[in-house]
Amino acid sequence: MAEILFYVLSAAALLFGLGVVLAKSPMMSVLSLLGSFFCLAVIYLLAGFQFLAAAQILVYAGAILVLFLFVIMLLNLGELGAIAERSNSFLDSTAARIGAVIAVGMGVVGLAAASRAAFQPVRVEPGKGLDGLEAIATELFGRYSLAFEAASILLLATMVAVIALAKRQRRGLKNGGRA
Amino acid sequence: MNPQDLLQLFDERAIEAVRPLLALSAGLIILLLSGVFDGLKALRGPIVVATLLFGGWLTASNFVTQPGVVLDGTYSADRAASAWGLLFVVATLLAWLFSHHYYAEDERPFQLEHDVLMLTTPIGMMLMGGAQNLIVFFVGLEILSIPLYALASFRRSRARSVEAGLKYFLLGAFAAAFFLYGSSLIYAATGTVQLAEIKAIGIHGPLALAGVALLMASLFFKISVFPFHLWVPDVYQGSPTPVTALMATGTKAAAFAFLLNAMFMLPAKAAVLVAVVALVTMALGNLGALAQTDVKRMLAYSGIAHAGTVLLVVAGTLAGDPESGGALHAALFYMGAYVFTAAGAFGLLALLERDGERFTSLESLKGLAHRRPVVAAALTLFMLSLGGIPATGGFLGKWMVFSSLVRAGLIWPAVIGALLSVIALGYYLRVVIAMYMQPASDRDAATQSVRGASAMPATLAAGVCAVFVLVMGVLPSLFLDRLP
């Protein structure tokens, strides 16, 4: 039962993924992405990662996609038809074809490699498991404490970078443009 | 793992190992806070310099005490990592000094953001250089890359700068995705992302090999090796020149530091392939540079050629260089010389560049020896070192790379590589000829006025670069005896 569910969900996730790329309107792309995220979350659940599944729904489906939707609505990107007509259709289609070939090639390589490889089972200590907050916290604050702490610097740097790029420059102000 | 075990992770050795990272992060936050108060504006420069010097000093002390591999094997602060770390701090400090008063008056309001972003990069580089774990490396890579994306497009009023930032960002994001996909395949095949554990299990089977290939593709993108080098000319030319200096020296050194740690993943059979890729890179870089009339773009192509040269070291090791540590020595010394030379060359261009792109063109350098003899002499020194003329640091670096190849039995790549280095002299000397043997057109002489005292930090940095290039060439034992 679980196995059938896994294959159904995987196929659905792939179809939604295709929908993200192929949809004509950005809104449909975002909604397809939402479907793909939900399928992934259920796959996590099937594998026994309750916390990851919840985080996937809360963070990706909840926060990030809502942000996407806001941006699309605020910028009024409902229709891309006008942009598509203006761009050089020959170059675009060639680039798209090359990109598609590379993507399919990588997928095939990955699948072929995966089907022939002997997977090393993830080492889970008995009684510990990988789901549950405690196990994840132990990994985060144990082995990956450095990467975890460094991520804070990364977020800080990203914030400064975005502000530096987006801040409006006001000319002729004595205090150097700071509002 | 219970709390007691967790505490044991953070023993004295671990704290000692990450002290440079902590110091740089603390300085970064102090600098950011100083932006809140206008009264502290004068202190910002000293804060940047003090942070970098303190971080460098702590790295140097790690070089002596060698805390080793810490934090459950994810981060290493041994001699090699500390030597690379010193190089990263120096590269950042030089780039920052060159950025002083580089930007036009109307771009200054963003000086604080500029300095903060620049001060973030060595943290990322150190994480990359010391990473013993793919995830730690990835976080370091992003800490380095994201500030650079923003810095590349920092001159927002110029189309070229914005184009450079956007190109670098899009391609860099793809490279990051490749790295993650590769890591996930390696994890699926081996069950770990820890370098030491991957080494123990070994890379077997197509899944792990596909992962390694993707991993290497993203590393090759960062060090700008064929066929992932196409972004370099546009990005290097479009970015503000001090940022280009940082990209050319820091990013490349950091990616190489990790590549040397991770090259055990490549099968020994790949030696010839890597050698061919390196030689093609050298050929494309050198031939591309020959055709350029813009010095900044020419130096970008030269950077590609130099990346190819250092990559030969990897080929030598895979082919079985009998001298252990030979690859590390050669790469460290070569990149050390390259950091000072390239930073110096880009820095002098930044010094000369006043407004608009035409001041980086070969045309505008004509007759420079008469107008500014000292600058012309220093630029000549850097060009000679880039070309690998004896008595400069660049020569010895090249010699170490090629002798490592010969020891490994790869004779023909060494010969072809040496020949390609000779071609490179063709364009380096063209700059020297323009400066010394061709008269300036009147228009240029009229517009180039001598700068005031504001050029002091940049002049100082260029002087330091020149001294190091000479000392590394004349007294290399000063550095070689201390290498790990």
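Proteins come first, then strands; the chains are lettered A, B, ... in the order of their sequence lines, and each starts at number 1.
Heavy-atom distances place the side chain of Thr74(B), and not its backbone, under 4.5 Å from chain A. Residue contact with chain A, scored on non-hydrogen atoms closer than 4.5 Å, involves the backbone and the side chain of Val136(B) alike. Only the side chain of Leu28(B) comes within contact range of chain A, judged by heavy atoms closer than 4.5 Å. In this structure, the portion of Phe178(B) lying under 4.5 Å from any heavy atom of chain A is its side chain and not its backbone. For chain B, the nearby part of Ala166(A) is the backbone; its heavy atoms alone come within less than 4.5 Å. In this structure, no portion of Leu209(B) lies under 4.5 Å from any heavy atom of chain A. Of the two parts of Leu21(B), only the side chain, counted from C-beta on, holds a non-hydrogen atom closer than 4.5 Å to a non-hydrogen atom of chain A. When heavy atoms are compared at a cutoff of 4.5 Å, Tyr144(A) approaches chain B solely by way of its side chain, counted from C-beta outward. Neither the backbone nor the side chain of Leu144(B) comes within less than 4.5 Å of any heavy atom in chain A.
In this structure the side chain of Thr158(A) never reaches within 4.5 angstrom of the side chain of Tyr149(B), judged on heavy atoms. Counting heavy atoms from C-beta outward, Leu156(A) and Val116(B) have side chains that stay 4.5 Å or more apart.
With rounding to the nearest 0.5 Å, the separation of CZ in Arg143(A) from CG in Asn133(B) is 6.5 Å. Rounding to the nearest 0.5 Å gives a distance of 8.5 Å between CD of Glu139(A) and CG of Asp72(B).
Enclosure of atom CG in Leu22(A) by more than 12 non-hydrogen atoms of other residues, nucleotides or ligands within 6.0 angstrom is indicated. A 6.0 Å sphere centred on CZ of Phe68(A) holds no more than 12 heavy atoms belonging to other residues, nucleotides or ligands.
Of the residues considered (Thr120(B), Leu185(B), Ile135(B)), Ile135(B) shows the highest number of contacts with chain A, using heavy-atom pairs under 4.5 Å. Residue with the most contacts toward chain B among Ala151(A), Ser152(A), Ala147(A): Ala147(A) (heavy-atom pairs, distance under 4.5 Å).
For the side-chain contact (heavy atoms from CB on, under 4.5 Å) with Leu146(A), the lone residue among Val139(B), Val70(B), Leu71(B) that qualifies is Leu71(B).
Among all heavy-atom pairs drawn from Ala157(A) and Leu117(B), the shortest one is O-CD2, 3.7 Å. Closest of all the heavy-atom pairs between Ala150(A) and Leu127(B) is CB-CD1, 3.5 Å. The shortest heavy-atom contact between Ala164(A) and Glu113(B) is CB-CB, 3.7 Å.
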